2 protein chains.
Amino acid sequence: MKELTKQQTKVLTCVEVYLNKTGFPPTRAEICKELGFKSPNAAEMHLRALEKKGYISIQSGSSRGISIVKRQQSFMGNSDQMPVIGLVAAGSPTLAEENIEKRISCDPNMFKDSFDYFLKVKGLSMIDAGIHEDDLVAIKKTTDVKNGDLVVVRLEDEVTLKYFKKDNHSLELIPANKDFATIKVDLREQDAFVEGKSVGLIRTH
Amino acid sequence: MKELTKQQTKVLTCVEVYLNKTGFPPTRAEICKELGFKSPNAAEMHLRALEKKGYISIQSGSSRGISIVKRQQSFMGNSDQMPVIGLVAAGSPTLAEENIEKRISCDPNMFKDSFDYFLKVKGLSMIDAGIHEDDLVAIKKTTDVKNGDLVVVRLEDEVTLKYFKKDNHSLELIPANKDFATIKVDLREQDAFVEGKSVGLIRTH
DNA sequence: TATTATACTGTATATTTTTACAGTATATTA
DNA sequence: TAATATACTGTAAAAATATACAGTATAATA
């Protein structure tokens with residue numbers, strides 16, 4: 001998550017406080033009044049920046065259409081709107097806004113380890129690990145992975161979920177389905193970027 | 001607190017659901033669309049009644065200026081401490097305190113359907129459905145189940161998680177593992193009590 | 001039996017609100 | 001050095017929204 005500037009933090013706090021006090025988000029004008037700005041465009045621009053950085057989402061065309069994605073302070077409890085990543089566009093960063101399919105309200109600490117986003121599973125390559133198509137795998141962004149971990153790896157422009165096995169320069173990405181082949185990468189020849197590892201899974205029946 | 005009429009309850013629920021989904025309250029027109037009213041005044045009048053009875057407060061002159069004073073149910077973007085049911089003691093009600101292994105902080109509405117508790121899976125009888133030992137299956141308490149649903153059924157003093165199939169007096173509880181046999185019950189001879197059905201699953205890696 | 005509450009449709013309007021556009025200025029990055 | 005991000009003022013118009021008013025109809029209450 002990108003860092004916020006001082007003013008952006010002020011605006012986000014203002015929205016949170018207003019929401020906490022009234023139960024609904026403020027208008028641009030109300031933010032201005034609260035923070036001493038003289039133009040509604042000042043608030044507008046800060047809100048746009050906050051959206052771009054993933055802290056809020058703005059429902060275009062709706063009055064007070066601000067929802068908080070990631071709270072700074074937790075007023076109520078610890079529930080964030082965790083992003084669900086569907087198909088990742090080639091070359092784009094996994095967490096880019098255009099890859100976010102929806103958001104689910106849940107506790108980032110509901111699993112043993114914290115996590116950053118859900119990855120929606122495509123295909124059947126992990127079926128023998130009880131991971132089905134459309135399951136949501138909770139991913140913690142980290143490069144600190146051990147052999148045997150279930151990891152998200154980017155190869156060229158493809159993102160894949162497999163078991164991790166590394167031995168010197170040889171990386172193996174192992175599926176859990178006998179119909180799929182292990183992906184073998186020689187790290188001297190090809191890059192592989194570990195995006196994170198799975199800390200849990202949720203499935204809707 | 002005064003009692004609500006059927007329609008007022010509907011409107012209040014509508015506001016709560018909208019708020020839970022978007023993070024801000026609905027407009028009169030949006031309530032109408034949701035509930036099938038054709039005039040914004042229909043929503044207006046219900047909101048006035050809800051305010052008069054103390055369930056909400058309305059900020060006059062503000063768009064979406066509805067705040068909920070008294071919630072009907074706890075929807076929340078906030079998390080509840082959902083109970084995890086481990087081994088169920090023979091004869092005791094499933095949700096009895098002594099059966100609660102721990103509690104997990106999460107949103108009761110994180111799946112498509114709401115749920116009441118997590119059941120910790122024992123054994124391998126559902127492995128081919130991608131349900132492993134120690135997975136937590138989210139159970140909604142209900143007796144309204146259809147053939148093919150994944151249900152929690154109590155037979156005598158045993159609680160089991162299986163696929164449901166009922167045909168007249170014949171009840172079949174079908175596992176997802178070829179090494180396990182389908183449980184067949186003649187309802188004229190033996191009682192079977194449907195405790196609920198699965199709406200989702202979570203697993204910690 | 002008159003009154004009040006519930007439960008709406010339908011229309012209209014004043015107000016609220018978003019949002020685009022035109023500027024100004026500074027700091028940081030490429 | 002040019003481009004981009006931040007950080008605003010000021011104005012205006014289009015769109016969203018609240019809300020008043022005029023009705024109709026039914027059920028409950030005094």
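Keep in mind that what you see is a predicted model, and the values were worked out from it rather than measured. By convention in this document, chain letters (A, B, ...) are assigned in the order of the sequence lines, proteins followed by strands, and residues within each chain are numbered from 1.
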For D:dT6, does either OP1 or OP2 sit under 4.0 Å from a side-chain N or O belonging to A:Gln7?
no
Between the side chains of B:Glu30 and B:Tyr18, is a donor N or O closer than 3.5 angstrom to an acceptor N or O?
yes
Does B:Lys53 place a side-chain N or O at less than 4.0 Å from the phosphate oxygens OP1/OP2 of C:dT6?
yes
Please round to 10 degrees the angle between the axis of the first five pairs and the axis of the last five pairs in the helix from C:dT1-D:dA30 to C:dA30-D:dT1.
30°
Is a side-chain donor or acceptor of A:Glu133 paired with a backbone partner of A:Lys122 at a separation under 3.5 angstrom?
no
Under 4.0 angstrom between B:Thr5 side-chain N/O and C:dA7 OP1 or OP2:
yes
Should A:Glu172 and A:Lys166 count as an ion pair when the cut-off is N to O under 4.0 Å?
no
Using a strict 4.0 Å threshold on nitrogen-to-oxygen distance, state whether B:Glu158 and B:Arg154 make a salt bridge.
no
Does D:dT19 have OP1 or OP2 sitting under 4.0 Å from an N or O in the side chain of B:Ser60?
yes
Atom CD of B:Gln59 and atom C1' of D:dT17: how far apart are they, to the nearest Å?
15 Å
Do A:Lys140 and A:Ser114 have a side chain donor and acceptor closer than 3.5 Å?
yes
Within residues 22-31 of chain A, which residues have any heavy atom lying less than 4.0 Å from an atom of DNA chain D?
none
Going by atom types alone, do A:Ser125 and A:Lys162 pair a side-chain donor with an acceptor below 3.5 Å?
yes
For residues B:Ser67 and B:Ser57, is any side-chain donor paired with an opposing acceptor at under 3.5 Å?
yes
Strictly below 4.0 Å: does A:Ser63 bring a side-chain N or O up to OP1 or OP2 of C:dT18?
no
What's the CD-P distance between B:Glu51 and C:dA5, to the nearest Å?
15 Å
With a cut-off of less than 4.0 Å, is there a side-chain N or O of B:Lys52 near OP1 or OP2 of C:dT6?
no
If I take atom NZ in residue A:Lys6 and atom P in nucleotide D:dC8, what distance separates them, rounded to the nearest angstrom?
12 Å
Check the distance between C:dA7's C1' and B:Leu4's CG and give it to me in whole angstrom.
15 Å
Output yes when A:Asp134 and A:Arg203 qualify as a salt bridge under the 4.0 Å nitrogen-oxygen rule, no when they do not.
no
Identify the two heavy atoms, one from A:Leu171 and one from A:Ala192, that lie closest to each other, and give their separation to 0.1 Å.
CD2-CB, 3.6 Å
Rounded to whole Å, how long is the line connecting atom NZ of B:Lys33 with atom P of D:dA16?
12 Å
Salt-bridge test for B:Lys120 and B:Glu101: reply yes if a basic N is under 4.0 Å from a carboxylate O, no otherwise.
yes
A:Phe111 and B:His205: CA distance, side-chain angles, deciding distance, ring-ring contact (aromatic ring centres under 6.0 Å, His included) verdict:
CA-CA 8 Å; A:Phe111 301 110; B:His205 282 149; 8.2 Å; no
Nucleic acid contacts - residues 35-49 of chain B versus DNA chain D, non-hydrogen atoms under 4.0 Å
B:Pro40, B:Asn41, B:Glu44, B:Arg48
